[in-house]
Amino acid sequence: MGDNSTPECVIPVHNPPLREKLFFFVSGLLVSVPFALFLSQFYDFLPLLVSSALIAPFIEELAKVFPLFYRHGETEHSIVTLGILVGLGFGLTEFFLYTVLLGVSPFVRLSGIIFHASSAGITAYGIAKKKPLLFYLIASGLHVLNNFVAIADVNFFFAILVQIVVLILAYYLAVTLYRKASKTKMIF
């Protein structure tokens with residue numbers, strides 16, 4: 001008791017096993033989408049362009065990575081991996097909702113699966129690097145741009161071109177950040 005040394009806490013490096021990775025994937029499927037849908041009821045009265053292109057992306061990007069804020073002892077790499085899995089689950093659920101319930105062409109919605117996994121990976125990298133706001137804004141900005149051209153009355157071919165560029169950029173960033181994330185450096 002008379003020792004004046006600072007107490008230490010050792011947190012072992014945690015690399016999530018497959019069942020934990022599946023948990024985060026299922027979290028994207030079953031938790032993140034309802035979270036986003038719940039919050040959407042508070043802005044549904046706004047015009048479609050404002051609600052779907054300007055507000056929804058910020059809510060969806062937060063909903064996807066929300067479970068990651070409670071992880072400790074993970075490596076940067078494992079947090080990005082879990083983020084991608086949550087985003088993949090979110091994208092698959094959104095794909096199902098749009099194609100089965102709303103009758104949208106599956107071909108049109110396939111890119112959404114890749115986009116959501118990529119954008120969640122981008123934000124997860126920010127969480128790992130203790131810069132969540134910066135990377136959240138990057139992911140949300142890409143999402144806003146994608147949704148805006150999908151909804152706004154712009155030239156069809158221009159909209160498709162912008163959406164392809166946004167998808168490639170999000171995917172490229174996610175892959176680059178995934179590779180850049182340390183497999184040994186822990187986050188706390």
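Predicted, not measured: the structure shown is a model, and the values here were computed from it. All values below come from the heavy atoms of this structure, side chains included, with hydrogens, waters and symmetry mates left out.
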Run the side chain to side chain contact (heavy atoms under 4.5 Å, CB included) check on Thr93 and Phe96 step by step: do they pass?
CA-CA 5 Å; Thr93 300; Phe96 174 80; 5.7 Å; no

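- For His143 and Phe58, the ring centers are positioned 6.0 Å apart or more.
- The hydrophobic clustering, which links ILVMFWY residues whose side-chain heavy atoms are closer than 4.5 Å, places Leu169 and Ile164 apart.
- Here the OG atom belonging to Ser140 is positioned 12.5 Å from the CG atom belonging to Leu145, to the nearest 0.5 angstrom.
- Distance check: Leu173 CG to Lys180 NZ gives 10.5 Å after rounding to the nearest 0.5 Å.
- Considering only heavy atoms from C-beta on, Leu29 stays 4.5 Å or farther from Phe90 through its side chain.
- The side-chain heavy atoms of Pro67 and Phe23, taken from C-beta on, include no pair separated by under 4.5 Å.
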Could you walk me through whether Phe115 and Leu142 pass side chain to side chain contact (heavy atoms under 4.5 Å, CB included), step by step?
CA-CA 9 Å; Phe115 178 82; Leu142 289 168; 4.1 Å; yes

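- In the hydrophobic clustering of ILVMFWY residues, with side-chain heavy atoms under 4.5 Å counting as a link, Ile160 and Ile168 come out together.
- The hydrophobic cluster containing Val166 also contains Val175, counting ILVMFWY residues as joined when their side-chain heavy atoms lie under 4.5 angstrom apart, directly or transitively.
- When every heavy atom of Ser52 is checked against every heavy atom of Ile151, the shortest pair comes out as CB-CD1, 3.2 Å.
- Across all non-hydrogen atoms, the minimal contact from Val80 to Gly121 is CG1-O, 4.0 Å.
- Using modelled atom types, one side-chain atom of Thr81 and one backbone atom of His77 make a donor-acceptor pair closer than 3.5 Å.
- Considering every non-hydrogen atom in both Asn155 and Phe157, the closest pair reads OD1-N, 2.8 Å.
- Between Ile138 atom CD1 and Glu61 atom CD the span is 11.5 Å, to the nearest 0.5 Å.
- Linking ILVMFWY residues whenever their side-chain heavy atoms come closer than 4.5 Å, directly or via other members, leaves Leu97 and Val108 in distinct clusters.
- The shortest distance between side-chain heavy atoms of Ile114 and Leu167 falls below 4.5 Å.
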What do the steps show when you test Val65 against Ile127 for side chain to side chain contact (heavy atoms under 4.5 Å, CB included), and what is the final call?
CA-CA 9 Å; Val65 299; Ile127 293 168; 4.1 Å; yes

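- Under the 4.5 Å side-chain criterion, counting only non-hydrogen atoms from C-beta, Pro132 is not in contact with Thr123.
- Between Val149 and Val154 the shortest heavy-atom distance is O-CG2, 3.7 Å.
- Side chain to side chain, Gln163 and Ser111 fail the donor-acceptor criterion of an N or O pair below 3.5 Å.
- The shortest side-chain heavy-atom distance between His116 and Lys64 falls under the 4.5 Å cut-off.
- The closest donor-acceptor contact from the side chain of Ser78 to the backbone of Thr75 lies under 3.5 Å.
- Using a 4.5 Å heavy-atom threshold, the side chains of Leu82 and Phe25 count as separate.
- Residues Tyr178 and Tyr125 have side chains not in contact (no heavy-atom distance under 4.5 Å, counting atoms from C-beta outward).
- Pairing each heavy atom of Ala170 with each of Ile122, the nearest pair is O-CD1, 3.7 Å.
- For the pair Gly87 and Ala120, the tightest heavy-atom approach, listed with the atom from each and the gap, is CA-CB, 3.7 Å.
- Put simply, the side chain of Glu76 never gets that close to the backbone of Ala181: no donor and acceptor are under 3.5 Å apart.
- In this structure, the side chain of Thr99 engages the main chain of Phe95 through a donor-acceptor pair within 3.5 Å.
- Rounding to the nearest 0.5 angstrom, the gap separating the CD1 atom in Ile79 from the CD atom in Glu74 is 5.0 Å.
- Leu88 and Tyr98 end up in different hydrophobic clusters when Ile, Leu, Val, Met, Phe, Trp and Tyr side chains are linked at under 4.5 Å.
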